[in-house]
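Worksheet for the structure shown next.
Note: hydrogens, waters and symmetry copies are ignored here, and every other heavy atom, side chains too, is used. Read the numbers this way: they start at 1 and go in the same order the structure lists the ligands and their atoms.
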Amino acid sequence: MLYLINNIDVLTEGGKDIAFANYTPTWKLHRKIAGKALRQYLAGNHLEKVLHDSMNKCLPLMAKEKGAFNPENYIDLMVFNILNAVCFGESVELDDPEFVNFMKMDKDATEMVGKGFVEDMFPIMYKIWTTNKYRTVIKMFDEIISLVKRKFQEHDKTFNSDNIRDFTDSLILARKEAEQEENEEMLSQLSDTHLRQTILDIFSAGIDTSRITLYFAVRYMAGLPEIQSKVQEEIDRVVGKDRLPGIKDREKLSYTEATLHEAMRLGTAAPVGVPHSTLCDTKVGGYDVPKDTMVMINHWALHHDPNYWKDVEKFDPTRFLDENGKLGMKPESWLPFSAGRRVCLGETVAKPELHLIFATIMQRFKITLPEGTDPELKLGGSGGVTMPATYEVIITDRIKT
Ligand code: HEM
């Protein structure tokens with residue numbers, strides 16, 4: 001259904017991705033293969049290595065900032081390099097044109113798509129005249145698809161089953177296995193287009209949500225010095241200052257994790273998730289919803305419902321902790337990754353990734369707001385995403401190198 005919206009149809013090359021695809025046997029196959037490829041790739045300490053490489057590149061650059069600055073670029077680079085390494089085994093510099101260009105297109109497209117197109121309300125326009133805005137987005141989508149296509153082809157040419165370098169190789173391996181089994185039906189659903197769409201899903205879904213979550217977390221910490229100090233006390237006690245936090249530290253960093261959970265609650269990066277469509281006539285909350293209706297989960301409302309959260313607007317990490325200060329049961333109304341069959345496929349990557357990036361930033365820098373800035377976070381963003389309004393911070397290096 002969704003890929004009938006024209007711009008999504010272009011981005012997904014006719015609904016061949018996972019996130020926007022209909023619930024069909026093909027979607028099930030892609031989700032299964034992508035999940036397996038991610039698990040294969042994450043086995044061992046791959047993710048920690050990729051994270052540490054990215055942070056080691058970015059933190060010294062950030063440490064050079066004197067005075068007030070917008071941390072977006074650095075956060076973008078941290079997240080981009082992690083997903084770039086997971087998907088393509090590559091890492092770039094802050095001024096790399098591929099990084100700069102991708103982030104610009106990604107942000108512009110997210111904003112434009114979020115605000116919607118006149119063409120979607122008057123579909124006849126697609127046939128007779130399209131707006132400049134629509135043509136700009138389509139051009140960006142073409143460029144993003146070409147980038148992934150090029151990387152996929154390079155991987156396919158140099159593939160070696162004894163050396164699986166990244167997620168892209170894992171997907172190519174899945175196709176080779178189907179070839180060996182002579183499973184024609186499966187192979188028809190594993191075309192180059194399908195595989196590059198799966199890669200694009202992981203790459204772009206991972207970058208956008210993670211970067212926005214971190215914009216929120218850093219901004220909240222800058223405005224909440226007491227909570228920031230508690231996070232730093234915990235990190236200093238558990239990890240110290242001589243090494244970067246690792247995956248194994250996570251279970252001992254309960255307050256840090258709870259702080260991130262609270263940032264994800266108040267600053268829900270994907271406020272209405274991904275639109276879906278009902279497969280049959282159904283009833284939700286007493287309302288009749290006919291088959292083929294577009295439905296969305298309002299994650300923002302779940303996270304801001306005063307019936308479920310005490311002092312709903314207060315930033316309070318302790319709501320996620322038990323009486324021993326350990327991470328307690330996940331509250332029912334906390335659903336940033338959604339739930340059910342379409343639950344975020346990247347949750348197992350995102351949780352340790354966000355935790356380690358956040359813990360590493362907190363370990364390294366004391367973050368404050370420039371004098372005169374209102375500590376209260378103001379919202380920005382539009383349409384499909386929420387984010388803090390553009391802000392500046394001042395950092396003090398807690399670890400002199
Ligand atoms: C802060 C981090 C993240 C948040 C808050 C988040 C949230 C979400 C949400 C709300 C959905 C829609 C679920 C639904 O349709 O009901 C989703 C889907 C998805 N996410 Fe994430 N995500 C995050 C990170 C990631 C990462 C790092 C990856 C990739 C490694 C990823 C890959 C995907 C994919 C492929 C889907 C589509 C799943 C499907 O339709 O079957 N996400 N995510």
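- Distance from atom 25 (C) of ligand 1 to its nearest protein heavy atom, with residue and atom name: C344 SG, 3.7 Å.
- Ion pairing between E72 and K107 holds under the 4.0 Å rule for side-chain N and carboxylate O.
- Residue contact annotation: F203 has no non-hydrogen atom under 4.0 Å from ligand 1.
- Nearest non-hydrogen protein atom to atom 28 (C) of ligand 1 is G346 CA, 3.5 Å.
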After noting the C-alpha distance and the side-chain angles of F358 and I361, does the key distance pass the side chain to side chain contact (heavy atoms under 4.5 Å, CB included) rule? CA-CA 5 Å; F358 179 59; I361 296 175; 5.6 Å; no
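- On a distance-only criterion, T213 and ligand 1 share no N/O pair closer than 3.5 Å.
- When only non-hydrogen protein atoms are considered, atom 35 (C) of ligand 1 lies nearest to L345 CB, 3.7 Å.
- Taking the six-membered ring for Trp and thresholds of 30 and 60 degrees, H30 and H194 have ring planes inclined between 30 and 60 degrees apart.
- Closest to atom 41 (O) of ligand 1, if we only count protein heavy atoms, is R31 NH1, 2.7 Å.
- Remark: ligand 1 atoms within the under-4.0 Å shell around heavy atoms of A19 are 37 (C), 40 (O).
- The atoms of ligand 1 that sit less than 4.0 Å from any heavy atom of I202 are 29 (C), 30 (C).
- Of the charged side-chain nitrogens involved, at least one lies within less than 4.0 Å of a carboxylate oxygen, so that K139 and E143 count as a salt-bridged pair.
- Closest to atom 23 (C) of ligand 1, if we only count protein heavy atoms, is T209 OG1, 3.1 Å.
- Close approach to A205 involves these atoms of ligand 1, each under 4.0 Å from a residue heavy atom: 31 (C), 32 (C), 33 (C).
- Scanning all protein heavy atoms for the shortest distance to atom 13 (C) of ligand 1 gives R342 O, 3.1 Å.
- Of all protein heavy atoms, the one lying nearest to atom 12 (C) of ligand 1 is V274 CG2, 3.7 Å.
- Looking only at distances, no side-chain donor or acceptor of E181 sits under 3.5 Å from a matching main-chain atom of K176.
- By the 30° and 60° cut-offs, the orientation of the rings of W309 relative to F320 is tilted.
- Between A269 and ligand 1 there is no heavy-atom distance shorter than 4.0 Å.
- In the model, K57 has a side-chain atom that pairs as donor or acceptor with a side-chain atom of S91 under 3.5 Å.
- Atom numbering of ligand 1 starts at 1 in the shown order; those under 4.0 Å from a heavy atom of I18 are 39 (C), 40 (O), 41 (O).
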Between Y126 and Y134, does a ring-ring contact (aromatic ring centres under 6.0 Å, His included) hold up when you go through it step by step? CA-CA 10 Å; Y126 286 123; Y134 180 78; 5.3 Å; yes
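- Near A350, meaning under 4.0 Å from one of its heavy atoms, ligand 1 places the atoms 2 (C), 24 (C), 27 (C).
- Within ligand 1, the atoms closer than 4.0 Å to a non-hydrogen atom of L354 are 1 (C), 2 (C), numbered from 1 in the order shown.
- Each of S338, P336, S333 was compared with H299 under the side-chain contact (heavy atoms from CB on, under 4.5 Å) criterion, and only S338 meets it.
- For atom 26 (C) of ligand 1, the nearest non-hydrogen atom of the protein is G206 CA, 3.4 Å.
- Side chain to side chain, N22 and T24 fail the donor-acceptor criterion of an N or O pair below 3.5 Å.
- Atoms of ligand 1 found under 4.0 Å from any heavy atom of P336 (numbered from 1 in listed order, with element): 5 (C), 7 (C), 10 (C).
- Salt bridge R196/D201: absent, no basic N to carboxylate O contact under 4.0 Å.
- When heavy-atom distances to ligand 1 are checked against a 4.0 Å cut-off, H276 comes that close only through its side chain, counted from C-beta outward.
- Separation of the F216 and F315 ring centroids does not fall under the 6.0 Å cut-off.
- Residue contact check: S338 has heavy atoms under 4.0 Å from atoms 13 (C), 14 (C), 16 (O) of ligand 1.
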